[in-house]
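Quick notes on the structure that follows.
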Amino acid sequence: MGNDAAIAAILDTVRRIPAGRVTSYGEVAARAGLKGRARMVGRVLGLAPDDDPVPWFRVLKSDGRIAFPVGSDAFKEQAKRLRKEGVKVSRDGRVDLAAFGWSHEQSLDELLWGSG
DNA sequence: AGCGTGACAAGGT
DNA sequence: GACCTTGCCACGC
């Protein structure tokens with residue numbers, strides 16, 4: 001897969017992340033057919049222009065933490081946008097992937113109350 | 001071409 | 001948990 005195709009695949013994948021859910025750079029790469037190229041995902045999101053809006057803030061590190069340094073402007077912006085969609089973000093930028101992760105497809109209610 | 005750097009990940013100490 | 005190493009790859013020098 002060429003570079004342009006890879007970029008398009010990454011952007012498409014990120015646009016498919018549902019509001020109120022998060023995923024990791026690695027998972028985006030894998031779903032885009034670019035397993036092992038998580039670093040490229042971060043790079044592409046960083047370059048993504050405003051003309052081509054993508055929900056970059058729904059992408060976290062594999063451990064569920066925001067990738068930016070705690071306290072940085074980017075960190076605060078990402079936490080703010082996530083919280084606005086109902087995602088719980090701890091002060092140090094942690095998100096519970098079991099509750100809000102994409103393709104867990106399990107609502108927080110189900111998690112708390114149990115499905116059956 | 002080589003080397004360092006980076007919005008990463010996985011495995012080990 | 002904090003680090004370190006290895007694998008990954010695009011970029012700028």
Side-chain angles (χ1 to χ4, degrees):
Chain A
M1 156 135 49
N3 237 310
D4 297 332
I7 292 172
I10 288 169
L11 295 177
D12 284 349
T13 301
V14 173
R15 286 197 199 91
R16 281 199 279 279
I17 306 170
R21 291 238 271 277
V22 299
T23 189
S24 69
Y25 295 90
E27 190 179 334
V28 169
R31 284 187 184 238
L34 301 164
K35 208 171 322 195
R37 294 204 249 174
R39 308 192 72 134
M40 186 171 179
V41 175
R43 177 166 175 65
V44 168
L45 291 183
L47 294 175
D50 295 338
D51 305 62
D52 196 9
V54 288
W56 55 270
F57 53 90
R58 296 181 189 140
V59 186
L60 310 171
K61 298 213 284 185
S62 62
D63 60 5
R65 288 183 306 174
I66 286 176
F68 300 107
V70 179
S72 64
D73 288 349
F75 175 96
K76 287 186 254 184
E77 179 65 20
Q78 183 163 12
K80 183 168 141 190
R81 294 205 190 191
L82 286 173
R83 291 184 181 123
K84 191 152 53 179
E85 328 188 306
V87 176
K88 272 204 271 190
V89 185
S90 71
R91 205 163 57 256
D92 59 333
R94 271 199 346 264
V95 172
D96 183 354
L97 294 179
F100 300 103
W102 190 18
S103 111
H104 256 267
E105 305 296 336
Q106 203 173 26
S107 73
L108 184 57
D109 285 339
E110 281 176 304
L111 202 72
L112 295 176
W113 286 90
S115 329

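From a predicted model like this one, the values you see are computed outputs, not experimental measurements. Letters go in sequence order (proteins before strands), and every chain restarts at 1.
- Salt-bridge check for A:Glu77 with A:Arg81: passed, with a basic side-chain N closer than 4.0 Å to an acidic carboxylate O.
- Atom CZ of A:Phe68 sits about 5.5 Å away from atom CD of A:Gln78, to the nearest 0.5 Å.
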>> Strictly under 4.0 angstrom, non-hydrogen atoms only: write out the protein contact profile of nucleotides 8-13 of chain B, one letter per nucleotide from the 5' end, B, S or -.
In response: BSS---
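- The distance from atom CD of A:Glu77 to atom P of B:dA7 is 17 Å, rounded to the nearest whole Å.
- With respect to A:Glu85 and A:Arg58, a salt bridge is recorded, a charged nitrogen being found less than 4.0 Å from a carboxylate O.
- Separating the C1' atom of B:dT5 from that of C:dC8 is a span of 14 Å, rounded to the nearest Å.
- The separation of C:dG7 from B:dG6, taken at their C1' atoms, amounts to 15 Å, rounded to a whole angstrom.
- To the nearest 0.5 Å, atoms CE (A:Met40) and CG (A:Leu45) are separated by 11.0 Å.
- Under 4.0 Å is where a charged nitrogen must lie from a carboxylate oxygen, and between A:Arg65 and A:Asp63 at least one such pair does.
- The 5' end of DNA chain C is approached more closely, in terms of each residue's nearest nucleotide, by A:Lys35 than by the other of A:Lys35 and A:Arg43.
- With rounding to the nearest 0.5 Å, the separation of OG1 in A:Thr23 from CG in A:Leu60 is 8.0 Å.
- When DNA chain C is scanned in the 5' to 3' direction for atoms under 4.0 Å from non-hydrogen atoms of chain A, the outermost contacting nucleotides are C:dG7 to C:dC11.
- In this view, A:Arg15 and A:Leu11, A:Asp12, A:Asp52, A:Val54, A:Pro55 satisfy the side-chain contact (heavy atoms from CB on, under 4.5 Å) rule, not counting sequence neighbours.
- Along DNA chain C, the nucleotide nearest to A:Leu47 and the one nearest to A:Arg94 differ in position, and the one closer to the 5' end is contacted by A:Arg94.
- Expressed to the nearest 0.5 Å, how far CD of A:Glu27 lies from OG of A:Ser62 amounts to 11.0 Å.
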